[in-house]
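Counting starts at 1 for both ligands and their atoms, in listed order.
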Amino acid sequence: MRTSLVVANWKMHGRKSEVTQLLSAIKIGIKAGVAAAEKVVICPPSIFLGQVEQELAGSKIAIGAQNAHPQIKGAFTGEVAFAMLKEFSCSYVIIGHSERRELFAESDKFVTEKFLAAQEQNLIPILCVGETQTQRESGLSKAVVLEQLQAVISEAGIESFSNAVIAYEPIWAIGTGLTATPEQAQEVHATLRSFLAELNREIADNITMLYGGSVKANNAKALFDQVDIDGALVGGASLDAEEFLTICAAA
Ligand code: PGA
């Protein structure tokens with residue numbers, strides 16, 4: 001089912017005390033019913049997952065992770081396995097974020113391995129796709145996101161998308177303050193959805209699709225008003241409880 005979903009991607013931000021402060025403000029807001037979003041997910045740095053699990057116990061806010069390694073265990077110094085995320089009550093995991101693709105050279109193949117490994121652990125992958133500024137200027141936005149999506153479908157199969165979320169995140173809009181206009185975002189979301197529909201209409205109709213890239217309190221509503229935008233993946237603005245709750249209220 002399409003769900004209105006707002007996901008906080010804290011990236012590499014926060015200290016123990018800040019995690020507590022931010023979560024307690026968000027919990028108060030959610031408990032008071034400010035969020036129209038059906039689901040709110042917090043993705044902290046992995047090292048804080050235990051703390052977040054404890055502090056969110058009893059709340060309806062879900063927990064996600066930002067990354068994990070596809071192998072179940074082994075000699076992978078510094079890495080964390082998807083099965084470990086499950087032990088901290090994670091239900092979602094971000095896969096193929098552009099910062100992972102660009103800064104850590106993650107290929108479509110590796111992204112696909114992670115997507116499959118996440119699903120094996122019953123985690124819902126939030127698959128990120130998006131084009132660079134140059135690709136957009138060359139008219140390649142749609143081709144790029146479809147190629148990224150197709151790479152996963154080829155290996156994982158279309159059926160695997162009955163339990164996945166897609167996030168369209170144009171790289172030029174991430175952390176830059178340059179949001180895609182609602183029309184630009186909608187156009188790509190519609191392209192992704194109709195591509196899926198050619199393979200499986202039911203999956204296309206039911207998949208939750210998020211927009212990410214400088215989503216803020218003041219632009220969230222216009223983005224969420226678009227027919228194919230079901231929610232947001234929020235970076236910078238998720239570190240400010242008031243800003244984040246306003247986005248959750250708009251979903
Ligand atoms: P931003 O990040 O909201 O800070 O642009 C979004 C993301 O990278 O998921």
Worksheet entry | contact_flag Ser214 ligand 1 heavy-atom lt 4.0 Å | yes
Worksheet entry | Non-hydrogen side-chain atoms of Gln51 and Leu23 separated by less than 4.5 Å | no
Practice prompt. Give a yes or no answer on whether the side chain of Tyr92 reaches the backbone of Ile94 with a donor-acceptor pair at less than 3.5 Å.
Written response: no
Worksheet item: What atoms in ligand 1 come closer than 4.0 Å to a heavy atom of Gly175?
Response: 1 (P), 4 (O), 5 (O)
Worksheet item: More than 12 heavy atoms of other residues, nucleotides or ligands under 6.0 Å from CZ of Arg2: is that the case?
Response: yes
Worksheet item: Is there side-chain contact between Glu169 and Asn9, with heavy atoms separated by less than 4.5 Å?
Response: no
Worksheet item: Where do Cys43 and Val7 come nearest, in terms of heavy atoms and distance?
Response: SG-CG1, 3.6 Å
Item to complete: Mark up the atoms of ligand 1 that fall under 4.0 Å of a heavy atom belonging to Gly236, in ascending order.
Response: 1 (P), 3 (O), 4 (O)
Worksheet entry | Beyond-backbone contact of Ser160 with Phe115, side-chain heavy atoms, under 4.5 angstrom | yes
Worksheet item: With atoms numbered from 1 as shown, which atoms in ligand 1 lie under 4.0 angstrom from a non-hydrogen atom of Glu169?
Response: 6 (C), 7 (C), 8 (O), 9 (O)
Worksheet item: Applying a strict 4.0 Å limit to heavy atoms, is Lys216 in contact with ligand 1?
Response: no
Response to the item:
ligand 1 to Gly213, heavy atom cutoff 4.0 Å, flagged ligand atoms 5 (O)
Discussion item. Is the contact between Asn9 and ligand 1 made by the side chain, the backbone, both, or neither, using heavy atoms and a 4.0 Å cut-off?
Written reply: side chain
Response to the item:
When distances are taken from atom 2 (O) of ligand 1, the protein heavy atom at minimum range is Lys11 NZ, 3.3 Å
Worksheet entry | Protein contact of atom 3 (O) of ligand 1 - nearest heavy atom, named by residue and atom, plus distance | Gly235 N, 2.9 Å
Discussion item. Contact between Pro45 and Gln66 at the side-chain level, heavy atoms closer than 4.5 Å - yes or no?
Written reply: yes
Worksheet entry | Atoms of ligand 1, numbered as shown, that sit under 4.0 Å from any heavy atom of His97 | 7 (C), 8 (O), 9 (O)
Discussion item. Measuring from non-hydrogen atoms of Ala173 to any atom of ligand 1, is the shortest distance under 4.0 Å?
Written reply: yes
Worksheet item: Picking from Arg136, Arg101, Lys142, what satisfies salt bridge (Lys or Arg N to Asp or Glu O under 4.0 Å) with Glu131?
Response: Arg136
